[in-house]
Amino acid sequence: MPSSFLSLGSINADFQFEVSADLSEGGTLPAKTFLQRAGGKGANRALFAQKLGIGATLIGRVGDDHFAGQALQPLRQTGLDLSGVSVTAESPTAIAMIAVPENGDKTILLASNANRDWDDSSLDLVRQAIKQAEAGAVLTIDFEISPEAVEIALQAATQRQMRIIADGSFGKDVKPEHLRRLHAIAPNVQEAGAIAGIEISSDTDSERVARMLAESGVEIVCVKLSDGGCLLATAGAVERINSPPVEVVDKTGAGDAFTAAVAIALLEGHSPRDAAIYGVAASTLAVSGKGSQEAYPNRSELDQMARRVADGVPAR
Ligand code: RIB
C-alpha cells in the first residue's frame, strides 16, 4: 500500500550506556547500565509515525550483519514498510555508542558505515519509494547518510511536489540549494548555527539564525532549544514555544520525535504553529523516558501533551 509518510535517513544499531562519570576525564570509566537498541534518525522518525498509526516507509541502508537485525527487527514488528531499505555487503550497519549522563544530555559516537555507502540500485530504490508514495505524502530526511541519496530524494520529491521536512543533522552538510527545496527544517541550535555559518552564543543569535533560515527559502523553521522548547520562524515572524517542565531522563531521539511530529501535523493539515506545538510535545514526551523508540508516545499521549504545550503559548 502506498505510504503517506516517508523517512529517508540513518538506520543504526544503538549501544547505550548510562554513566555518572565525567567522560572528559578519559581513561576507562564505569557505566551503570548497558542497552542494545534500534536507532538512527531515519528509523526513529519512521517508527514514531508508525506508532501513531500513519503508514510509514523507511528508506535507508544497512550492512549484511547481525547489527542490521538489531536495527530493523523492532521496526519490522510494527508493520513498518521496509521495502526502501537495502543491504550492502561492503560496509557494516552503522553503530551509535551513546553515553547518557544523569541529566539526560547524551553524547553520541557514530560510525556511519552503511549509511554512507550507497550503490546505483539502492539509489534507485529511493526514486521508486518516492514515486510510489501516496499523493500528498510528506518526505522526512536527515543528513546522516550519503549526500547522493539525499540529493536524489530531494529531486524526486520536488518533481512530485511533495513537502520535504528535514532534521538539521549533520548541519555542515545542509547547503543553500537544499534549503530552497525544503518545506520545513528542525535543527537544534548548534545545527542551525552550522547551517547558517554563524556561531551562536546567545538567545538573540538563535533568533537571528531562525530568521535567516526562514528567509533562505524554507517556509517553516523550528529551531529546537536545549530546554525542550523551540523557536518557530516563518516569513517575517519568530515565536517561542515552550516545553512544560518535565524530568529529563534521556534526550536520545527526542529531536527525531520532534521532526516526525512536525511532519505528521503538517500532513494532517495543521498550521505551522500547531505543527511546532506538536513537535515540542513529542520531544517533551521523548525525553521523559529511556532510549529513543521505546520512549515515543501513542496518539492520545501526544494529543494530551500538545494541549499542555498549547496552553502555555500566549494566544495571538
Ligand atoms: O537522534 C538519535 C539517534 O542518533 C540515535 O538513535 C542514534 O542512532 C543517533 O544516530
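First listed ligand is number 1; within each ligand, the first listed atom is number 1.
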Group every Ile, Leu, Val, Met, Phe, Trp and Tyr by side-chain heavy-atom contacts under 4.5 Å, then state whether [X] and [Y] land in the same group.
X: Ile141; Y: Leu267; result: no
X: Leu154; Y: Ile185; result: yes
X: Leu58; Y: Ile54; result: yes

For ligand 1, which atoms, with element, lie under 4.0 Å from some heavy atom of [X]?
X: Ile108; result: 4 (O), 9 (C)
X: Glu144; result: 10 (O)
X: Gly39; result: 6 (O), 8 (O)
X: Ala96; result: 7 (C), 8 (O)

Margin query: Closer than 4.0 angstrom, basic N to acidic O: yes or no for Glu207 and Arg240?
Written below: no

Item checked: Gly253 to ligand 1, any heavy atom closer than 4.0 Å -> yes

Notebook entry, point to check: Which pair of heavy atoms, one from Ala233 and one from Ala210, lies closest together, and at what distance?
Noted result: CB-O, 3.5 Å

What protein heavy atom sits nearest [atom], and how far away is it?
atom: atom 10 (O) of ligand 1; value: Asn12 ND2, 2.7 Å
atom: atom 2 (C) of ligand 1; value: Asp256 OD2, 3.2 Å
atom: atom 4 (O) of ligand 1; value: Lys41 NZ, 3.5 Å
atom: atom 8 (O) of ligand 1; value: Asp14 OD1, 2.5 Å

Note to self: Does ligand 1 come near enough to Ser10 that some N or O of the ligand is less than 3.5 Å from an N or O of the residue?
What the structure shows: no

Check: Is there a nitrogen or oxygen of Ile98 sitting under 3.5 Å from a nitrogen or oxygen of ligand 1?
Finding: no

Margin query: Please check this pair: side chain of Gln16 against backbone of Ala99, looking for a donor-acceptor N/O pair closer than 3.5 Å.
Written below: no

Margin query: Below a 4.0 angstrom heavy-atom separation, can you tell me which part of Arg37, side chain or backbone, both or neither, approaches ligand 1?
Written below: neither

Item checked: Criterion salt bridge (charged side-chain N to carboxylate O under 4.0 Å, His left out) against Arg45, the qualifying member of Asp167, Asp256, Asp142 -> Asp142

Next item on the list: Check step by step if side chain to side chain contact (heavy atoms under 4.5 Å, CB included) holds for Arg208 and Ile198.
Entry: CA-CA 10 Å; Arg208 186 160 65 98; Ile198 282 180; 3.9 Å; yes

